[in-house]
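Everything on this sheet refers to the single structure shown next.
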Amino acid sequence: MANPSWPSLPALAALTTSLLVLAVGLSFSHPPKARIPTTLDGPFRPVTVPFDLSLRGNAVDLPDNDPRVVRRVKGFEPEQISVTLSATYDSVWISWITGKSQIGYNIKPLDPKSVKSVVRYGKFRNPPTHEATGYSLVYSQLYPYVGLQNYTSGIIHHVRLTGLKPNTKYFYRCGDPSIPAMSDIHHFKTMPVPGPKSYPKRIAIVGDLGLTYNTTTTVGHLTSNDPDLMLLIGDVTYANLYLTNGTGSDCYSCTFADTPIHETYQPRWDYWGRFMQNLVSRVPIMVVEGNHEEEEQVENKTFVAYSSRFAFPSAESGSSSPMYYSFNAGGIHFIMLGAYTLFDKSSEQYRWLEQDLAKVDRSTTPWLVATWHPPWYSTYVAHYREAECMRLEMEELLYSYGVDIVFSGHVHAYERSNRVYNYTLDPCGPVHITIGDGGNREKMAIQHADEPGLCPTPSADEYLGMCARNFTSGPAAGKFCWDRQPDYSAFRESSFGHGILEVKNETWALWTWYRNQDSEDNVGDQIYIVREPDRCPVRQVFESWPTDL
């Protein structure tokens with residue numbers, strides 16, 4: 001017989017959780033006045049924050065003559081400098097552009113071999129103790145129609161630095177010392193060595209950024225949070241919202257419906273690179289493609305600017321494509337997946353994903369985080385269930401390996417889910433977070449599919465939506481939409497902003513979402529995401545795996 005003086009098991013569990021939360025909160029110096037909820041408290045009842053009408057009307061582009069986007073270097077001096085992580089802590093990529101881009105009817109590409117790709121670096125500002133060389137390229141955006149202007153980029157350089165020490169600050173200059181045309185001195189910090197107690201302090205997550213005055217607020221607030229790493233979950237510059245003459249629109253298909261091909265205005269990539277340099281020349285940026293990066297051109301080429309301007313640890317992570325890759329940041333393994341390339345079970349991407357997941361050692365990298373552009377779990381009318389084909393192909397695999405968090409963009413709002421799998425609340429499913437609220441030129445998403453009369457009609461979307469059907473079970477059985485905010489949707493709000501992920505140890509991570517309209521330290525949404533490895537066992541690491549990608 002149970003001793004009546006002892007608390008019941010449920011009460012004891014609740015008490016233990018409360019004490020653990022308090023201990024974690026105190027150890028991380030959070031004020032005791034407001035207890036931060038945890039996923040152990042969930043699932044949570046759905047919450048919708050009413051839309052603030054004053055937030056509309058601010059999506060205005062930075063003008064071409066804004067000092068933050070104008071080319072300020074001379075000759076072949078480097079500009080648009082950025083840092084990208086390799087697959088492991090001991091290597092990074094440094095990228096930059098030299099020479100002027102050209103747009104017009106008679107353009108002649110620069111010769112990539114005319115300027116060297118050199119990085120001089122070391123642990124001290126002067127003198128540099130190491131030198132690395134890399135490769136360079138030029139890309140063009142060409143249109144086979146009279147009246148459309150063509151574009152050719154400046155010379156894009158990518159140099160990989162290797163043999164770096166973990167959690168270490170390095171100073172560097174990039175360029176061609178023989179001209180001479182070298183940059184000012186910049187610096188970056190490497191990631192911690194992988195381990196269950198080793199993590200970057202703050203990781204900034206943002207999607208659908210663009211280059212508007214909303215963007216400047218987002219980036220300003222993000223920078224003030226002093227991140228060690230930045231993830232951009234697709235839709236970078238929105239260069240495809242413009243004709244080749246620079247004329248822009250909030251809705252390309254509405255304004256330019258009769259154009260023979262979906263044009264882009266490539267100089268906006270250069271504007272964006274200049275604006276972002278102050279941040280990404282010192283904070284590594286990891287990017288995955290969105291639909292606005294497709295940028296179709298002659299010979300049906302797509303994603304050329306995206307794949308040319310950024311460095312990707314694709315080869316280092318066993319991928320043959322810049323559309324998907326993986327990397328480690330301390331005890332976190334990140335998987336960046338491509339929603340705009342083949343992802344079915346017979347595809348190369350799926351085979352790569354199987355092999356990448358099989359290599360993950362959860363005793364070394366306990367946290368498994370996946371990202372891609374269009375969300376699987378979004379309750380907004382915009383892009384509702386658009387990524388259903390991808391979900392049907394990949395969700396079971398990711399679930400079986402115990403993915404902890406999924407970040408997506410595409411929907412221009414914020415939403416956080418309860419733990420979910422196959423539209424069902426599941427304590428072992430990942431938390432899905434939609435963070436497509438970076439500040440782009442297009443409209444903010446404010447309508448929800450569960451509101452009366454707003455359920456979209458199932459249709460074969462250009463990319464992904466042909467797999468979406470009526471639900472066959474659960475509260476929405478026989479319907480295409482729920483008639484109330486779904487149980488899997490924990491919190492949603494239509495506001496611009498960014499998020500910060502702080503992994504504290506092998507089981508606790510703090511997620512915070514900041515709204516642009518608030519002061520920089522005012523929290524819009526916050527929760528501890530808690531892993532439960534004993535409750536949710538995952539597939540074991542394979543001792544060996546196929547090597548033929």
- Query: Does any non-hydrogen side-chain atom of Val206 lie less than 4.5 Å from one of Leu231?
  - Reply: no
- Query: When you check the side-chain N and O atoms of His333 and Asp361, is any donor under 3.5 Å from an acceptor?
  - Reply: no
- Task: Check whether the side chains of Ser117 and His157 place a donor and an acceptor atom closer than 3.5 Å, and report yes or no.
- Result: yes
- Evaluate the side-chain proximity of His432 to Tyr488: yes if any heavy-atom separation is below 4.5 Å, no if none is. no
- Query: Is the closest basic N to carboxylate O distance between Glu354 and Arg351 below 4.0 Å?
  - Reply: no
- Between Gln349 and Ser347: side-chain donor-acceptor atoms closer than 3.5 Å: no
- Classify the angle between the aromatic ring planes of Tyr380 and His448 as parallel (below 30°), tilted (30 to 60°) or perpendicular (above 60°). tilted
- Mind running salt bridge (charged side-chain N to carboxylate O under 4.0 Å, His left out) on Lys189 and Asp228 for me, showing each step along the way? CA-CA 8 Å; Lys189 187 178 180 181; Asp228 300 301; 5.2 Å; no
- Which is it for Tyr306 and Phe312 under the ring pair (Phe, Tyr, Trp, His ring centres under 6.0 Å) test, yes or no, and what are the steps along the way? CA-CA 10 Å; Tyr306 162 82; Phe312 303 93; 4.9 Å; yes
- Message: With rounding to the nearest 0.5 angstrom, report the CD to OG1 distance, Glu296 to Thr264.
- Response: 11.0 Å
- Does Glu393 pair with Arg391 as a salt bridge, N-O distance under 4.0 Å? no
- Shortest non-hydrogen contact from Ser136 to Pro112? OG-O, 2.9 Å
- Message: I'd like to know if Asp450 pairs up with Arg492 as an ion pair, taking the criterion as any Lys NZ or Arg NE/NH1/NH2 lying under 4.0 Å from an Asp or Glu carboxylate oxygen.
- Response: yes
- Message: With a 6.0 Å cut-off on the ring centroids, do Phe44 and Phe491 count as close?
- Response: no
- Spatial distance of atom SG (Cys174) from atom OH (Tyr121) [nearest 0.5 Å]: 13.5 Å
- Message: Looking at Arg531 and Asp404, is there a salt bridge between them, counting it only when a charged N and a carboxylate O are closer than 4.0 Å?
- Response: yes
- Task: Please say whether the positively charged group of Arg469, taken as NZ for Lys or CZ for Arg, lies over the ring of Phe480, i.e. under 6.0 angstrom from the six-membered ring centre and within 45 degrees of the axis.
- Result: no
- Task: Answer yes or no: are there more than 12 heavy-atom neighbours, outside Lys345 itself, under 6.0 Å from its atom NZ?
- Result: yes
- Item | Nearest atoms (heavy-atom pairs only) where Val288 meets Leu337 | CG2-O, 3.2 Å
- Message: Is it true that Thr302 and Asn300 share a donor-acceptor pair across their side chains at a distance under 3.5 Å?
- Response: no
- Item | Asn240 and its side-chain hydrogen bond (donor to acceptor under 3.5 Å, both in side chains) partner, picked from Glu295, His292, Glu294 | His292
- Query: What are the two closest non-hydrogen atoms of Leu232 and Asp208, and how far apart are they?
  - Reply: CD1-N, 4.3 Å
- Item | Parallel, tilted or perpendicular: rings of His158 and Tyr135 (30°, 60°) | tilted
- When you check the side-chain N and O atoms of Asp437 and Trp513, is any donor under 3.5 Å from an acceptor? yes
- Task: Looking only at non-hydrogen atoms, find the nearest pair between Ala509 and Trp367 and report the distance.
- Result: CB-CH2, 3.5 Å
- Query: Side chains of Ile155 and Ile97: closer than 4.5 Å at any heavy-atom pair?
  - Reply: no
- Query: Between Ser140 and Val304, which heavy-atom pair has the shortest distance, and what is it?
  - Reply: O-CG1, 4.3 Å
- Using distance alone, with no hydrogens and no angle criterion, decide if Gln80 and Gln277 have a side-chain donor and acceptor under 3.5 Å apart. no
- Item | Asp235 and His373: side chain donor to acceptor below 3.5 Å | yes
- Message: With heavy-atom distances below 4.5 Å as the criterion, would you say the side chains of Trp96 and Ser82 are in contact?
- Response: no
- Between Tyr238 and Gly210 the two heavy atoms that sit nearest each other are CD1-CA, 3.6 Å
- Message: Donor-acceptor check, side chain of Ser314 to backbone of Ser321, threshold 3.5 angstrom: yes or no?
- Response: yes
- Could you tell me whether the side chains of Thr218 and Asn516 share a donor-acceptor contact shorter than 3.5 Å? yes
- Query: Side-chain contact, heavy-atom cut-off 4.5 Å: Leu164 with Phe188?
  - Reply: yes
- Item | Gap between atom OH of Tyr414 and atom CZ of Arg515 - 0.5 Å precision | 11.5 Å
- Point-to-point distance, once rounded to the nearest 0.5 Å, from CD of Glu316 to OG of Ser326: 10.0 Å
- Message: Rounded to the nearest 0.5 Å, what separates atom CD1 in Ile433 from atom OG in Ser378?
- Response: 13.0 Å
- Item | salt bridge (Lys or Arg N to Asp or Glu O under 4.0 Å) partners of residues 406-426, not counting sequence neighbours, each pair once | Arg416-Asp525
- Parallel, tilted or perpendicular: which fits the ring planes of Trp352 and Tyr324, with parallel below 30° and perpendicular above 60°? tilted
- Evaluate the side-chain proximity of Tyr514 to Phe496: yes if any heavy-atom separation is below 4.5 Å, no if none is. no
- Query: From Lys201 NZ over to Glu502 CD, what is the distance, rounded to the nearest 0.5 angstrom?
  - Reply: 10.5 Å
- Centroid-to-centroid, Tyr423 to Tyr377, below 6.0 Å? yes
- Message: Taking the basic N atoms (NZ, or NE/NH1/NH2) and the acidic carboxylate oxygens, is any pair closer than 4.0 Å for Asp90 and Lys165?
- Response: no
